[in-house]
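Take a look at the structure below.
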Amino acid sequence: MRNKLSHWLPAILCLLGSLQCTMSMAQISPLDFGLREADSGVARYWALYNAHTAALALHQEVSYQGIDTLELELPSDFKSIPLGPRTDFGGIVIKVTNNAADRALFSMYTAPVKLLLDKSVVDAGDFRGVPELAEGDKLLILRDQHPWTFRIGHGHNVYRQDLLWVHNGIGQNKPIAPWNTDSTVLGATFVPVDTNPKVFRGLTMHRSEKSTFKTYCLYLSGQYNVLVEDVHVTTPKSRMVADGVFSVNHCARVTFRDVKVDGTYSGYGRWRDYGYAFSMTNMWNTTFERVEADGNWGVFGTNNLSKTTLVDCDLNRFDIHCYGRDALLKRCLLRQRQTQFSSMYGTVVFDSCRFVDCIPVRIRSSYNAYTPFDIEMVDCTFEITSRYHSLVNVMLLGTDRNARPELSAKCWPNLKVVNLHVVVPSGIPTLNLYHPTGTLSELDIPVDYISNVSVRGLSFVRPNGKPANLNVRLSSRKFQTSKSLTFEIE
């Protein structure tokens, strides 16, 4: 039995057509759309889908009052349940079995509109001469039609994107890197946005071990000012990969708060492949507060991120695969993997963070995109291990320069360390500030950008708290610089 929307059309028409009905119904409940009578997981899914669809038509909220636990089975024609601006599940638990398709259970999507835009106006951020952007609030989506780089070992081109929030014709943020270059072929779209808050909160979602397809929790695209709060997602052991528990694209001012992800579809045990808790691209001003996430592969897989903030998080990986600017991590626990970047700009700041068996910064080689940025570590703790006892791992690819002019330089980041507390197990004699690995012939060529490495305040202790000694080296291997390098340790 499938509770199709047409089955409930008379009720919806009544709600739309009757003033008395709409005035008396402040919220819509799935219980009024067959959930109470539903005798199967598929029927329960359709009750939720129809309730949310009706709520959108009526500009009302969906109430989950009186609903505690739901078991859903997704039908063969499964579609994401569309969300209005505010959805509070009230702490319900949903267990999902999916043998239909890889798709998000819930979604909030606004389709972009094509736009003819001259790349010469992008960097200045003044769009008052563009009629589509001159009034109101818009998200301007920029996509370079010319490949930014080629990902070696993966066999595909990589295209950069940028997201600008435009208010009454004036850009409220800047792109990650300039767009008015000879190499850029600009493609543009835009999304009109409502700046009022949107909320998705109060849900526990268990993905069933009987599923043969992946159910993502939430898909967001073309949204502004969204709070995802008090959400917990669990995943059983599975051979499935390519997860994206939260898949978010082309959004600005999105906050994840008190979110927990236990496992991802990324294989299990020693066999693992890519799969993420947070799969994101083309984002500006994204915040994670008290997020706890663990996955077999690593919980972040992102591209084209600008202004990203993480506070009080517990993660086994954070990264911006390719093309990003400015990240702040404060009071975060980072463990077992690494924070990882390529084609990064601006500053990456670690404030009062703790690294446990983790590389604080790894610069990926596969994108061959070594761009200029700075690293700052303030009041951090580094629990080193035999495999991870360097602050910055620069993975080397070779001596070939990237064909894209903006990426032709081979830049290493500057590093500023203030008050680093190092926990040193026995048998590890050295802390390396930089650790180049890979095609070491690249070290024969001077590296670009790096000019200042400063370390002020180092302390070393054993795991039992007793004092320890440790040698500190600039690098595990000698390298040359195109600029004069100042190296200071106090």
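Remark: the Arg207 side chain and the Thr235 side chain contain an N/O donor-acceptor pair separated by less than 3.5 Å. For the residue pair Asn99/Thr212, the side-chain donor-acceptor check at 3.5 Å is satisfied. A donor and an acceptor atom, one from each side chain of His321 and Asp319, are located under 3.5 Å apart. Between the side chains of His250 and Asn282, a donor-acceptor pair is found at a separation under 3.5 Å. In this model, a donor atom of one side chain and an acceptor atom of the other lie less than 3.5 Å apart for His435 and Ser476. The closest side-chain donor-acceptor pair between Thr204 and His232, if any, does not fall under 3.5 angstrom. Using modelled atom types, one finds no donor on one side chain facing an acceptor on the other under 3.5 Å when comparing Asn180 with Asp123. For Asn296 and Tyr274, the side-chain atoms include no donor-acceptor pair closer than 3.5 Å. Between the side chains of Glu209 and Ser238, not a single donor N or O lies within less than 3.5 Å of an accepting N or O. No donor-acceptor contact under 3.5 angstrom links the side chains of Asn402 and Ser408, judged on distance only.
Leu310 and Cys332 make their closest contact through O-SG, 3.5 Å (heavy atoms, listed as atom of the first residue, atom of the second, distance). Scanning all heavy atoms of the two residues, the minimum distance from Tyr276 to Ser279 falls at CB-N, 4.4 Å. Here the closest non-hydrogen pair linking Gly275 and Thr264 is O-OG1, 3.7 Å. Scanning all heavy atoms of the two residues, the minimum distance from Ala252 to Leu139 falls at CB-CD2, 3.8 Å. Minimum heavy-atom separation, Ile428 to Ser386: CD1-N, 3.5 Å.
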CA sep, side-chain torsions, deciding dist, call: Val453, Leu474, side-chain contact (heavy atoms from CB on, under 4.5 Å): CA-CA 8 Å; Val453 178; Leu474 173 63; 4.1 Å; yes
Applying side-chain contact (heavy atoms from CB on, under 4.5 Å) to Ile363 and Asn393, what does each step give before you reach the verdict? CA-CA 6 Å; Ile363 300 173; Asn393 171 213; over 6 Å; no
Apply side-chain contact (heavy atoms from CB on, under 4.5 Å) to Leu117 and Val122, showing your working. CA-CA 8 Å; Leu117 188 67; Val122 171; 4.1 Å; yes
Step-by-step side-chain contact (heavy atoms from CB on, under 4.5 Å) determination, Ile94 to Leu203: CA-CA 8 Å; Ile94 295 178; Leu203 172 67; 3.7 Å; yes
Before giving the answer on ring-ring contact (aromatic ring centres under 6.0 Å, His included), spell out for Phe350 and Phe355 the whole-Å C-alpha distance, their side-chain angles and the decisive distance to 0.1 Å. CA-CA 10 Å; Phe350 301 94; Phe355 306 96; 5.3 Å; yes
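In this structure, Trp165 has its ring center closer than 6.0 angstrom to the ring center of Tyr224. Between Trp148 and Tyr323, a ring centre-to-centre spacing shorter than 6.0 Å is recorded. Aromatic pair Tyr216/Tyr265: ring centres not closer than 6.0 Å. Phe89 has its ring centre less than 6.0 Å from the ring centre of Phe200.
Remark: Ser390 pairs with Asn432 by the side chain to side chain donor-acceptor pair (under 3.5 Å) rule, at least two apart or across chains. Under the salt bridge (charged side-chain N to carboxylate O under 4.0 Å, His left out) criterion, Arg257 pairs with Glu229, Glu289, not counting sequence neighbours. Annotation: salt bridge (charged side-chain N to carboxylate O under 4.0 Å, His left out) contacts of Glu73 (sequence neighbours excluded): none. Considering only residues two or more places apart in sequence or on other chains, Lys410 meets the side chain to side chain donor-acceptor pair (under 3.5 Å) condition with Asn368.
For the atom pair Arg143 CZ and Asn304 CG, the distance stands at 9.5 Å (nearest 0.5 Å). One distance of note links CG of Leu142 with NZ of Lys119; it measures 12.5 Å at 0.5 Å rounding. Taking OG1 from Thr215 and CG from Leu105, the interatomic distance works out to 7.0 Å, rounded to the nearest 0.5 Å. Atoms CG and CG, from Leu431 and Leu458 in turn, are 7.0 Å apart once rounded to the nearest 0.5 Å. Atom CD of Gln338 sits about 4.5 Å away from atom CZ of Arg362, to the nearest 0.5 Å.
Asn249 places no side-chain N or O within donor-acceptor distance of the main-chain N or O of Ser221, the cut-off being under 3.5 Å.
Sorted by first and then second residue, the side-chain hydrogen bond (donor to acceptor under 3.5 Å, both in side chains) pairs involving residues 478-490 (not counting sequence neighbours) are Asp448-Ser482.
Proximity of Ser107 to Leu218: side-chain heavy atoms (C-beta onward) are nowhere separated by under 4.5 Å. At least one side-chain heavy atom of Leu315 sits under 4.5 Å from a side-chain heavy atom of Val291. Side chains of Gln336 and Val356 form no contact here, defined as non-hydrogen atoms less than 4.5 Å apart. For the pair Arg151 and Asn157, the minimum side-chain heavy-atom distance is 4.5 Å or more. At least one side-chain heavy atom of Asp162 sits under 4.5 Å from a side-chain heavy atom of Trp179. The closest side-chain heavy-atom distance from Thr184 to Arg160 is below 4.5 Å. Using a 4.5 Å cut-off on side-chain heavy atoms (C-beta onward), Phe256 and Phe278 make contact. Arg317 places a side-chain heavy atom less than 4.5 Å from the side chain of Gln340.
Between Arg335 and Asp357, no side-chain nitrogen of the basic residue sits less than 4.0 Å from a carboxylate oxygen of the acidic one, so the salt-bridge criterion is not met. The residues Asp243 and Lys214 are annotated as not salt-bridged, no charged nitrogen and carboxylate oxygen being separated by less than 4.0 angstrom. Taking 4.0 Å as the cut-off between side-chain N and carboxylate O, Arg354 and Asp314 do not count as a salt-bridged pair.
Under the salt bridge (charged side-chain N to carboxylate O under 4.0 Å, His left out) test applied with Asp312, the options Lys330, Arg331, Arg290 reduce to a single match, Arg331. Applying the ring pair (Phe, Tyr, Trp, His ring centres under 6.0 Å) test between Phe288 and each of Phe300, Phe318, Phe246 identifies Phe300 as the sole match. Tested against Leu391, the residues Val361, Leu415, Val422 include a single side-chain contact (heavy atoms from CB on, under 4.5 Å) partner, Leu415.
By the 6.0 Å and 45° rule, Arg337 does not stack over the aromatic ring of Trp297. Annotation: cation-pi pair Arg103/Phe78 present, NZ/CZ under 6.0 Å from the ring centroid and within 45° of its normal.
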Name the atoms and distances for all side-chain donor-acceptor pairs under 3.5 Å in residues 440-447, with sequence neighbours left out.
from, atom 1, to, atom 2, distance (Å)
Glu442, OE1, Leu397, N, 3.3
Glu442, OE1, Gly398, N, 3.2

